[in-house]
There are 2 protein chains.
Amino acid sequence: MYTTYIFGLNDTLYNATEQKSRARFAAVESMIENGLPVDIETAYTTLEEVVREVGEDAPNHFNLLLKRLGVRDDPRIIAAGVVAYRDVSRAALRPFPGVPSTLISLREKGKRLVALSAGDAVKEWQKLIQLGLQHFFHAVWVSDKNPITADTINSALSGLTVTPADSLFVSGVPSEVEAAGRAGLKTVLFSPRRVNPPKDTRGDKPVIRRFQEILQL
Amino acid sequence: MYTTYIFGLNDTLYNATEQKSRARFAAVESMIENGLPVDIETAYTTLEEVVREVGEDAPNHFNLLLKRLGVRDDPRIIAAGVVAYRDVSRAALRPFPGVPSTLISLREKGKRLVALSAGDAVKEWQKLIQLGLQHFFHAVWVSDKNPITADTINSALSGLTVTPADSLFVSGVPSEVEAAGRAGLKTVLFSPRRVNPPKDTRGDKPVIRRFQEILQL
């Protein structure tokens with residue numbers, strides 16, 4: 001077994017993709033309820049475009065949405081988006097099933113647990129805390145270079161004095177798993193949403209579909 | 001009876017003072033739980049000082065708190081404060097008892113309802129929406145000059161074509177009531193927290209202790 005377990009955060013400890021999509025949908029729904037004069041599909045797709053262009057962490061997605069839709073700036077509509085986004089985002093921020101119990105089991109076995117993420121450090125910490133997972137990790141490493149690359153992982157390994165040979169990297173994001181592989185780590189892809197195991201991951205690239213399976217690796 | 005009712009927002013439609021104080025207390029409690037090395041009283045009083053100095057709407061209260069306490073900037077501690085503040089703030093944002101039912105009764109009687117506040121327009125709208133009260137008002141006027149003065153009220157009156165003679169101004173903030181009086185409005189002070197009616201408000205300055213009493217004025 002490994003002595004150190006390194007986990008990605010987004011789409012690994014919780015379903016970030018679904019959470020964001022739900023929150024964005026709720027936001028545009030409430031903006032329409034409060035006066036945004038477009039249909040829900042137009043609003044949602046335009047919001048997705050805005051986020052893709054200016055990045056996830058930009059502070060003014062809803063202002064830009066109104067601008068792009070040619071709608072006059074309106075504090076009521078913006079506020080409606082912010083409130084619905086936050087409420088739904090908060091409610092949907094829960095660990096994947098099996099995450100807390102697996103982390104507890106690993107701690108009981110004396111394993112070292114590291115969380116690794118990229119983005120704004122305060123925002124990544126907010127997620128860990130809202131998930132109720134902040135106390136499980138011996139170390140949390142947030143890179144300001146987004147997304148996670150092999151360089152990020154190498155910096156984290158040396159900063160945290162982790163020996164790659166004894167460590168397992170777990171992530172639900174294929175590009176993160178690949179980066180960790182290039183950084184010399186053993187990896188596993190956590191793939192809970194796929195009904196059939198992906199074809200390209202047989203052989204030397206292990207895939208788990210339930211988080212608890214980490215305990216058998 | 002009056003044809004138009006103009007309401008303050010903070011400490012009138014909801015208990016802003018208590019809500020903020022609860023949220024700040026929860027924030028410093030969680031910051032301490034996540035590593036802030038001071039006692040709760042020091043943390044709380046220092047946070048209050050920071051807010052007083054930089055204003056309620058400044059975006060970096062917790063960073064400034066750490067700085068003032070001589071604690072190294074730590075994303076975990078900041079994030080813990082933000083999460084606890086938002087959670088408790090959200091949970092404590094509820095209308096004073098009697099507010100929704102009274103607003104509905106006034107609407108039924110065909111009255112015009114106006115909400116008046118000062119600060120950042122999006123943030124004030126967020127509060128109205130989180131309170132679930134946004135649909136009750138025919139008009140919402142947010143002044144960017146904080147706090148509300150007689151000038152603010154005069155601008156609102158002309159912007160919304162309100163005739164002072166037919167209007168009643170209701171607020172839980174004595175200075176707002178005074179400003180409205182100077183702007184030529186009839187006023188009432190909503191004073192739900194006081195066990196005994198204040199002495200200086202007898203005679204021509206009416207005070208109500210339950211929001212529903214507006215219906216008898």
Side-chain angles (χ1 to χ4, degrees), chain A residues 9 26-27 29-36 57 59-66 72-91 93 115 117-144, chain B residues 9 26-27 29-36 57 59-66 72-91 93 115 117-144:
Chain A
L9 173 51
E29 212 170 38
S30 178
M31 291 170 90
I32 290 167
E33 160 88 359
N34 282 278
L36 185 67
D57 287 343
N60 54 349
H61 292 154
F62 300 133
N63 300 67
L64 294 172
L65 173 62
L66 261 59
R72 194 173 55 85
D73 196 38
D74 183 331
R76 174 179 181 158
I77 297 176
I78 304 281
V82 173
V83 169
Y85 188 93
R86 285 205 185 145
D87 281 355
V88 171
S89 180
R90 181 68 177 106
L93 197 58
S117 194
D120 176 76
V122 172
K123 288 198 176 178
E124 297 308 296
W125 267 108
Q126 277 176 233
K127 293 176 195 170
L128 265 188
I129 291 169
Q130 290 180 317
L131 289 164
L133 297 176
Q134 81 268 35
H135 299 294
F136 290 119
F137 294 96
H138 296 91
V140 175
W141 183 277
V142 182
S143 161
D144 52 9
Chain B
L9 173 51
E29 211 170 38
S30 178
M31 291 171 91
I32 290 167
E33 159 87 359
N34 281 278
L36 184 68
D57 287 343
N60 55 349
H61 291 152
F62 299 133
N63 300 67
L64 293 171
L65 173 62
L66 261 59
R72 192 174 55 84
D73 196 38
D74 183 330
R76 174 180 182 158
I77 298 176
I78 304 282
V82 173
V83 170
Y85 188 94
R86 284 203 186 147
D87 281 356
V88 172
S89 181
R90 181 69 177 104
L93 197 59
S117 193
D120 176 75
V122 173
K123 288 198 177 179
E124 296 308 297
W125 266 108
Q126 277 177 234
K127 292 176 195 168
L128 264 187
I129 291 168
Q130 290 180 317
L131 289 164
L133 297 177
Q134 81 268 36
H135 299 293
F136 290 119
F137 294 96
H138 296 91
V140 174
W141 183 276
V142 182
S143 161
D144 52 8

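Because only heavy atoms are used, hydrogens play no part in the values below, and waters and symmetry mates are left out as well, while side chains stay in. By convention in this document, chain letters (A, B, ...) are assigned in the order of the sequence lines, proteins followed by strands, and residues within each chain are numbered from 1.
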>> List the residues meeting side chain to side chain donor-acceptor pair (under 3.5 Å) with S89(B), not counting sequence neighbours, and say none if there are none.
In response: Q19(B)
> Residues in side-chain contact (heavy atoms from CB on, under 4.5 Å) with V142(B), at least two apart?
Replying inline: A121(B), E124(B), V140(B)
> Checking heavy atoms, do the side chain of D74(B), its backbone, both or neither come under 4.5 Å from chain A?
Replying inline: neither
> For A79(A) and V122(B), which heavy atoms make the closest approach, and how far apart are they?
Replying inline: CB-O, 3.4 Å
>> Just so I know, are the side chains of R86(B) and Q130(A) near enough to count as touching, which here means a heavy-atom distance under 4.5 Å?
In response: no
>> Please classify the contact of R76(B) with chain A as side chain, backbone, both or neither, using a heavy-atom distance under 4.5 Å.
In response: both
> Can you check side chain to side chain contact (heavy atoms under 4.5 Å, CB included) on K123(B) and V82(A), steps first, answer last?
Replying inline: CA-CA 9 Å; K123(B) 288 198 177 179; V82(A) 173; over 6 Å; no
> N34(B) versus chain A, heavy atoms under 4.5 Å apart: side chain, backbone, both or neither?
Replying inline: side chain
